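Here the structure comes first, spelled out in structure tokens, and everything after it is commentary.
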Protein chains: 2
Amino acid sequence: MTDPIAEDAADDEASRSVVSRALAIIGTFHGGRERQSLSELSRNSGVPIATAYRIVQRLADWGALERDEAGKYRIGLRLWEVASLAPRSMGLQRIARPYMQDLYETTHYNVQLAVREGSELVSVERFQNPQYRRGRPRVGGRYALHVTAIGLVLLAHAPDEVREEVLAGPLKRYTEHTYTDPAQLRRVLAEVRSHGFAISDRQMDLDHVGVAAPVFGPDGSVVAALSLVLRHDDVDEKNMVHLVRVTANGISRALRKAGEAGRAPV
Amino acid sequence: MTDPIAEDAADDEASRSVVSRALAIIGTFHGGRERQSLSELSRNSGVPIATAYRIVQRLADWGALERDEAGKYRIGLRLWEVASLAPRSMGLQRIARPYMQDLYETTHYNVQLAVREGSELVSVERFQNPQYRRGRPRVGGRYALHVTAIGLVLLAHAPDEVREEVLAGPLKRYTEHTYTDPAQLRRVLAEVRSHGFAISDRQMDLDHVGVAAPVFGPDGSVVAALSLVLRHDDVDEKNMVHLVRVTANGISRALRKAGEAGRAPV
DNA sequence: ACCGAACCTTTCACCAGCCGGAAAGCTGTT
DNA sequence: AACAGCTTTCCGGCTGGTGAAAGGTTCGGT
């Protein structure tokens with residue numbers, strides 16, 4: 001089996017430590033590689049097999065990994081349990097879901113919620129129209145910031161150094177409409193900030209238009225973005241801007257209220 | 001601040017290893033303790049502070065932990081990303097959600113999905129009526145098997161040793177209707193197996209009635225359970241049994257189809 | 001049935017890297 | 001200003017981790 005993804009070997013100074021090796025091992029799991037044998041774990045993480053053996057034993061004892069019937073390892077339920085305490089994903093999600101559901105039920109278009117992590121976005125929650133699902137944005141998946149409406153919102157409100165990094169780096173082209181000129185993208189981002197929403201018109205693929213708006217945390221910073229994705233010939237996306245913004249603001253308000261109540265998800 | 005939960009110190013043979021210490025540290029997080037300072041992590045995990053410091057550094061470097069503005073540590077987004085690859089939670093959830101949503105929209109009662117982990121149940125997904133939310137079953141939370149309808153289904157189909165363990169152990173009473181007599185519970189579980197569903201009538205609290213049915217994996221084993229929770233004076237729960245069973249069977253069928261397509265969630 | 005390949009598991013002796021006490025910074029508080 | 005609590009750094013002692021290698025097992029091919 002050839003690897004579609006480059007090997008995850010890491011050669012940092014700190015990568016010799018046991019903890020780093022353990023993390024390298026669990027980091028080999030990603031979409032499309034959800035079950036691995038011990039040998040695969042060793043190969044993909046760059047950790048020697050005997051070492052991997054012992055580490056995997058301990059991870060499995062604790063429940064971070066599990067073995068299936070075939071003896072392969074997969075991410076364990078216990079790890080998911082603690083991960084579901086991550087404020088930036090599940091904490092946010094818990095509050096945002098009712099709003100997203102309302103938006104979905106009034107429009108029946110795909111609704112997305114994402115946060116920024118470094119110079120990428122991570123999809124945190126989505127509601128999809130079953131008749132019409134693009135598998136693409138997997139919950140838990142990472143995607144580029146400069147392509148989608150939701151990414152443009154997050155990029156527009158990112159710290160300067162992140163924005164400059166993305167603007168400097170190569171801007172991968174997906175369609176003829178994708179922004180690949182840094183100067184143009186910079187102009188667009190300024191508009192996103194001043195208007196309070198972003199539109200991505202066939203920049204990811206030629207069939208879809210996205211409308212996105214920022215979600216603010218209790219301290220006024222942008223902690224997430226909400227988007228609605230529709231087919232570009234379905235309806236005029238301008239009509240949807242208000243709806244998306246109102247929903248995003250509703251989530252922001254709920255976050256502020258939850259913050260005041262003590263349990264502050266950011 | 002006094003701890004509502006007993007200290008998580010562990011003194012096993014293997015608990016001296018670095019990996020086990022790291023896991024002990026991330027294991028100190030649970031509902032109600034989502035943000036901890038380094039000192040708290042050290043105290044709650046039993047790991048000396050200097051050691052905890054080094055381990056936490058590495059966990060934070062990788063993204064398993066993050067620091068918030070106040071300098072406290074919380075579960076990081078990166079950990080949630082890999083955890084969202086756990087077949088028994090997110091894999092199952094991805095398939096079950098549309099069915100759960102349909103059930104919710106036709107009834108507007110609370111819908112739950114849970115799996116068994118050891119002698120407890122872990123809530124994997126839920127749809128709640130906003131007007132009427134009991135905060136109780138937090139997604140990612142653990143609960144006893146003998147009290148709720150969903151737990152009774154999971155317990156009825158658990159391996160013998162698990163069932164015996166639960167029957168032997170103390171059966172905590174929540175209301176006057178809770179099953180606390182092992183012989184009685186054993187009889188109930190046999191009925192659950194033969195009838196293909198479970199009903200919990202005010203056994204958790206005096207207001208709610210639950211109806212639950214098993215979800216089968218591709219190999220015919222019970223991998224999860226689905227439940228509908230209603231107020232006991234709302235409607236005759238018998239009317240709901242058919243609906244819950246049909247929905248659970250729909251999920252089972254979808255799991256089988258996904259299994260045949262290669263990506264087998266269990 | 002036989003053989004070979006690939007994988008999983010276990011052992012072992014050495015030494016790299018970890019452990020943790022102690023003390024120095026760094027806040028924010030009385 | 002002194003204090004209390006938390007975070008960070010340092011370093012000697014030594015223990016648990018490491019990786020090669022061998023035995024066991026499962027599979028597929030001939």
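Bear in mind that the values here come from a model prediction, so they are computed numbers and not experimental data.
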- Query: A:I49 or B:I49: which one's nearest nucleotide on DNA chain D is closer to the 5' end?
  - Reply: B:I49
- Task: State whether the side chain of B:R74 and the backbone N or O of B:E34 hold a donor-acceptor pair below 3.5 Å, judged by distance alone.
- Result: no
- 5'-most to 3'-most nt of DNA chain D touching chain A (<4.0 Å, heavy-atom partner on protein side) reads D:dG17 to D:dA20
- Please check if the side chain of A:H146 supplies one atom and the backbone of A:K172 the other of a donor-acceptor pair under 3.5 Å. yes
- Query: What pair of heavy atoms forms the shortest contact from A:S252 to A:P214, and how long is it?
  - Reply: OG-O, 4.4 Å
- Task: Identify, between A:A50 and B:Q36, the residue whose nearest nucleotide on DNA chain D lies closer to the 5' end.
- Result: B:Q36
- Can you tell me if the side-chain N/O atoms of B:R54 get under 4.0 Å from OP1 or OP2 in C:dC18? no
- Taking only Lys NZ, Arg NE, NH1 and NH2, and the carboxylate oxygens of Asp or Glu, determine whether B:R78 and A:E117 approach each other closer than 4.0 Å. no
- Between C1' of C:dT10 and CD1 of A:I55, the distance in whole Å: 17 Å
- Note on the structure: Separation of C:dC26 atom C1' from B:L38 atom CG, nearest Å, is 14 Å
- Task: Please check the phosphate of C:dG20 (OP1 and OP2 only) for any side-chain N or O of B:T51 closer than 4.0 Å.
- Result: yes
- Item | Whole angstrom value for the distance that separates C1' of C:dT9 from NZ of A:K72 | 18 Å
- Query: Just by distance, do the side chain of A:Q112 and the backbone of A:S123 share a donor-acceptor pair under 3.5 Å?
  - Reply: no
- Check the distance between C:dC19's P and B:Q57's CD and give it to me in whole angstrom. 14 Å
- By nearest-heavy-atom nucleotide on DNA chain C, the more 5' of A:V19 and A:R67 is A:R67
- Test item: A:R58 side-chain N/O and A:A60 main-chain N/O as donor-acceptor pair under 3.5 Å: no
